[in-house]
Peer 1: 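One structure, pasted below without further comment.
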Amino acid sequence: MTARIIDGKAVAAGLRQRIAARVAGLGYRPGLRVVRVGDDPASGVYVRNKDKAAKEVGFDSATIALPAETTEAELLAVVAQLNADPAVDGILVQLPLPPQIRAEVVISAVAPEKDADGFHPLNAGRLASGQAGLVPCTPKGVMHLLAASGAVLPGARAVVLGRSNIVGRPMAQLLLAADCTVTIVHSRTRDLPAECRRAEILVAAVGRAEMVRGDWIAEGATVIDVGINRLADGRLVGDVAYAEAAARAEAISPVPGGVGPMTIACLLENTLDAAIARRAPRGG
Ligand SMILES: Nc1nc(=O)c2c([nH]1)NC[C@@H]1CN(c3ccc(C(=O)N[C@@H](CCC(=O)O)C(=O)O)cc3)C=[N+]21
Ligand SMILES: [Mg+2]
């Protein structure tokens, strides 16, 4: 038997369509600004796809490209300008940043109500304490994929492989909020394969090409592959050895065409939610 494919391209297209319909009823164009410093190749595809998707749903979208030598103070000045601009609803500063810039300082400088990435410590704290806020796009996209796949979350044993602030930690918070029994495993975990084999839902987010082998997967599991790894031969692969895993899983998301397109759709969703919250505050 081979696993059902969880088609992120299709789920993302549906989400973008619903976003476009909501935007059409607003009477203004939500504003999204992506700030890019230097020329990290991993960010290039993403910035292009995002700008195209944002324009297609009716956003006012632009990328601000700064030179690699930009200082932290210069970047903070750009962020302050975007924070103050009433036409801007969502701000995303592309990571990674060059070594002279401290990412955590820049992330904390983005106005929390415009934090389309959901990386600001205030939004991370809200998520961890069960309050409404802007949620990181990739884990949010994974939750949409799990819903689309029909996975039953309450009581399910979910294992998150990876503990980054961008994916692993917020992913675990969202699964916990959905009443899963959540385990986070990482590079120092003893017997990773055995821990992963306990998962009914496995989310792999370590950034290591095809690290998760077929025998790490429980028969009948749902597997979501967050990894986007470019191999020397140019191939794009996930953190999961796809063919091996698909032989044991009940459902699996591929790379490409899985979580990647969902991340972009959720960036649009966050920006739209931010626009509505900021421009029409409750009681105002
Ligand atoms: N502040 C910030 N927020 C981010 O969310 C962020 C970032 N910085 N820096 C770079 C990474 C990378 N990232 C991707 C998102 C979608 C695809 C994507 O759409 N991938 C497609 C196609 C990829 C391809 O064909 O190369 C897919 O997986 O099917 C890829 C990469 C977001 N990132
Ligand atoms: Mg840095």
Side-chain angles (χ1 to χ4, degrees), residues 5-13 15-16 32-54 56 61 63-66 75 78-79 82 90-98 101-112 114-121 123-124 134-142 144-145 162 164-171 203-207 209-210 224-231 233-240 242 252-271 274:
I5 296 171
I6 303 172
D7 184 350
K9 255 179 107 162
V11 177
L15 179 54
R16 290 198 308 272
L32 173 63
R33 297 293 178 272
V34 173
V35 184
R36 206 181 157 187
V37 184
D39 207 35
D40 178 69
S43 300
V45 183
Y46 174 59
V47 169
R48 278 192 303 280
N49 290 352
K50 175 245 56 163
D51 201 51
K52 182 165 163 281
E56 276 172 12
S61 166
T63 300
I64 299 163
L66 303 174
L75 178 56
V78 170
V79 168
L82 296 174
I91 302 167
L92 180 153
V93 180
Q94 275 291 120
L95 302 177
L97 287 164
I101 298 176
R102 292 167 294 175
E104 69 276 16
V105 170
V106 175
I107 286 167
S108 295
V110 173
K114 296 188 177 187
D115 174 31
D117 259 328
F119 292 167
H120 191 288
N123 284 317
L134 290 164
V135 171
C137 302
T138 297
K140 191 176 185 185
V142 171
H144 280 299
L145 284 183
S164 72
N165 287 336
I166 292 171
V167 185
R169 286 169 205 258
M171 186 77 251
V203 180
V206 268
E210 300 179 328
I224 305 289
D225 190 350
V226 175
I228 297 184
N229 309 288
R230 183 76 63 183
L231 299 184
D233 67 6
R235 265 191 322 133
L236 203 62
V237 300
D239 292 346
V240 178
Y242 182 86
I252 186 168
S253 71
V255 177
V259 172
M262 293 305 300
T263 298
I264 292 177
C266 288
L267 170 65
L268 306 179
E269 190 178 42
N270 277 353
T271 300

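Note that ligands are numbered from 1 as they come in the structure, with each ligand's atoms numbered from 1 the same way.
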Peer 1: For Pro256, take its heavy atoms, then give the atoms of ligand 1 lying under 4.0 Å from any of them.
Peer 2: 27 (C), 28 (O), 29 (O)
Peer 1: Under 4.5 Å between any side-chain heavy atoms of Pro136 and Asn123, yes or no?
Peer 2: no
Peer 1: Is a donor on one side and an acceptor on the other found under 3.5 Å between the side chain of Lys140 and the backbone of Gly118?
Peer 2: no
Peer 1: Do Asp239 side-chain atoms and Gly207 backbone N/O form a donor-acceptor pair below 3.5 Å?
Peer 2: yes
Peer 1: Could you list the atoms of ligand 1 found under 4.0 angstrom from a heavy atom of Gly257?
Peer 2: 27 (C), 28 (O), 29 (O)
Peer 1: Contact between Lys50 and ligand 1, counting heavy atoms under 4.0 Å?
Peer 2: no
Peer 1: Which atoms of ligand 1 sit under 4.0 Å from any heavy atom of Phe119?
Peer 2: 1 (N)
Peer 1: Are the side chains of Val255 and Tyr242 in contact, using a 4.5 Å heavy-atom criterion?
Peer 2: no
Peer 1: Decide yes or no for Glu210 and Asn229: does some side-chain heavy atom of the first lie under 4.5 Å from some side-chain heavy atom of the second?
Peer 2: no
Peer 1: Under 4.0 angstrom from ligand 1, any heavy atom of Val255?
Peer 2: no
Peer 1: Cys137 near ligand 1, heavy-atom distance under 4.0 Å?
Peer 2: no
Peer 1: Could you see which bit of Met262 sits under 4.0 Å from ligand 1, with heavy atoms only: side chain, backbone, both or neither?
Peer 2: neither
Peer 1: With heavy-atom distances below 4.0 Å as the criterion, list the atoms of ligand 1 near Arg230.
Peer 2: 26 (O)
Peer 1: Out of all atoms in ligand 1, which are within 4.0 Å of some heavy atom of Leu236? Include the element for each.
Peer 2: 23 (C), 24 (C), 25 (O), 26 (O)
Peer 1: Indicate yes or no: does an N/O atom of Asp117 lie under 3.5 Å from an N/O atom of ligand 1?
Peer 2: yes
Peer 1: Any nitrogen or oxygen of Val93, side chain or backbone, less than 3.5 Å from one on ligand 1?
Peer 2: yes
Peer 1: Take Leu82 and Lys114 through the test side-chain contact (heavy atoms from CB on, under 4.5 Å) and record every step on the way to the result.
Peer 2: CA-CA 9 Å; Leu82 296 174; Lys114 296 188 177 187; over 6 Å; no
Peer 1: Could you tell me whether the side chain of Leu267 reaches within less than 4.5 Å of the side chain of Leu32, counting heavy atoms only?
Peer 2: yes
Peer 1: If hydrogens are left out, which of Leu97, Leu95, Thr138 has an atom nearest to atom 10 (C) of ligand 1, that is, the closest non-hydrogen atom?
Peer 2: Leu95
Peer 1: Closer than 3.5 angstrom, by distance alone: can the side chain of Asn49 be matched with the main-chain N or O of Pro261 as a donor-acceptor pair?
Peer 2: no
